[in-house]
Amino acid sequence: MNKLFKTLVILLMISGISYAQTTEASKEGALRDAKTTSEATLKMDFETVLKYTYPPVLGLMGGKEKAIELLTTTFNTMKEQGFVFEKADVLNVSDVVFEQDQYRCYVEGYNQMTMSGMRIKSKSYLLGIYNAENKIWNFIEAKQLKNPALKDMVLPDFITALEIPDDETTTEQL
């Protein structure tokens, strides 16, 4: 009886650990982290945005400090030119797949902004890759994967069964 009890306790602990790991690497976890990133973008909280950025992209930007400097300068310049970020919403997260030793999904987002008397509406997609070490999802713009040189620097030998739609952008005169 004592051995049976110990075995049951061990099995419960193992299944609890497995559940905790799969829960974070889930559609819900990706949705939570994508929303956090989207909200941080609207607030110009680049520290948070970069926390959820796929690390090799951050490396290409010269590291965290240089990336914050670049984003701050870019957004300030755009703001001076009349750019206003009106909306940044997360619309949907695909099913999570496990391929090439990574949990992956794509995130559909909607952005709306104005600039120079125009309203720009954009539906775009992020590739989400679960970072098991940090227990968060990291993101990269999916359209960047269509650039072979960039794709090879960020995700060499990248193959996916995910069918990520193309971005869509419309504009209207204000």
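All values reported here derive from a predicted model rather than from experimental measurement. What you see below is based on every heavy atom in this structure, not just the backbone, and it leaves out hydrogens, waters and symmetry mates. FYI, the numbering just counts along the sequence from 1.
- Annotation: the span from Glu39 atom CD to Leu42 atom CG amounts to 8.0 Å, rounded to 0.5 Å.
- By the rule that hydrophobic residues join a cluster once side-chain heavy atoms approach within less than 4.5 Å of another member, Phe46 and Phe83 end up as members of one cluster.
- Under the 4.5 Å side-chain criterion, counting only non-hydrogen atoms from C-beta, Tyr103 is not in contact with Val97.
- Using modelled atom types and a 3.5 Å distance limit, the side chains of Glu108 and Tyr106 yield no donor-acceptor pair.
- Scanning all heavy atoms of the two residues, the minimum distance from Gln144 to Leu150 falls at OE1-CD2, 3.1 Å.
- Closest heavy-atom contact between Gln173 and Gly117: NE2-O, 3.4 Å.
- Considering only heavy atoms from C-beta on, Met113 stays 4.5 Å or farther from Arg119 through its side chain.
- Nearest approach of Pro55 to Asn131, heavy atoms of both residues: CG-ND2, 4.5 Å.
- To the nearest 0.5 Å, atoms CG (Leu60) and CE (Met153) are separated by 5.0 Å.
- With Gln112 contributing its side chain and Ser122 its backbone, the two residues share no donor-acceptor pair below 3.5 Å.
- Between Gln81 and Met115, the closest side-chain pair of non-hydrogen atoms falls below 4.5 Å.
- With contacts defined as side-chain heavy-atom distances shorter than 4.5 Å, the pair Thr114/Glu86 qualifies.
- The minimum heavy-atom distance linking Ala30 with Phe139 is given by the pair O-CZ, 3.8 Å.
- Interatomic distance, CG of Leu91 versus CG of Leu31, reported as 10.5 Å (0.5 Å rounding).
- Note that OG of Ser38 and CG of Leu126 are 9.0 Å apart. Values are rounded to the nearest 0.5 Å.
- Of the inter-residue distances, the one linking Asp95 atom CG with Arg104 atom CZ reads 15.5 Å to the nearest 0.5 angstrom.
- Put simply, the residue from Thr77, Asn76, Leu70, Leu71 that forms a side chain to side chain contact (heavy atoms under 4.5 Å, CB included) with Thr73 is Thr77.
- Between the Lys27 side chain and the Val93 main chain, a donor and an acceptor come within less than 3.5 Å of each other.
- Proximity of Thr53 to Ile140: side-chain heavy atoms (C-beta onward) are nowhere separated by under 4.5 Å.
- Tracing side-chain contacts under 4.5 Å through hydrophobic residues (I, L, V, M, F, W, Y), one reaches Phe75 starting from Met61; they form part of the same cluster.
- Judged purely by atom type and a 3.5 angstrom limit, Asn138 uses its side chain to pair as donor or acceptor with the backbone of Lys51.
- From Leu127, atom CG reaches atom CG of Leu155 across 6.5 Å, with rounding to the nearest 0.5 Å.
- Of all heavy-atom pairs spanning Ile164 and Tyr125, the tightest one is CG2-CB, 3.7 Å.
- Val96 and Phe98 fall within the same hydrophobic cluster, defined by Ile, Leu, Val, Met, Phe, Trp and Tyr side-chain heavy atoms under 4.5 Å apart, directly or through other members.
- A search for ring pair (Phe, Tyr, Trp, His ring centres under 6.0 Å) contacts involving Phe158 returns nothing, not counting sequence neighbours.
- Within the 4.5 Å cutoff, no side-chain heavy atoms of Tyr130 are placed close to those of Gln102.
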Check the pair Val107 / Asn92 against side-chain contact (heavy atoms from CB on, under 4.5 Å), numbers first and verdict last. CA-CA 6 Å; Val107 178; Asn92 190 32; over 6 Å; no
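- Within the structure, side chain to side chain donor-acceptor pair (under 3.5 Å) pairs that include any residue of residues 148-171 comprise Glu99-Thr160, Lys146-Asp166 (at least two apart or interchain).
- Transitive grouping of hydrophobic side chains (ILVMFWY, heavy atoms separated by less than 4.5 Å) keeps Val49 and Tyr54 in distinct clusters.
- Residues Trp137 and Asp33 come closest through the heavy atom pair N-OD2, 2.8 Å.
- Ile120 and Phe85 fall within a single hydrophobic cluster, where Ile, Leu, Val, Met, Phe, Trp and Tyr side chains are chained together by heavy-atom contacts under 4.5 Å.
- With a 4.5 Å cut-off on side-chain heavy atoms, Ile159 and Gln100 count as touching.
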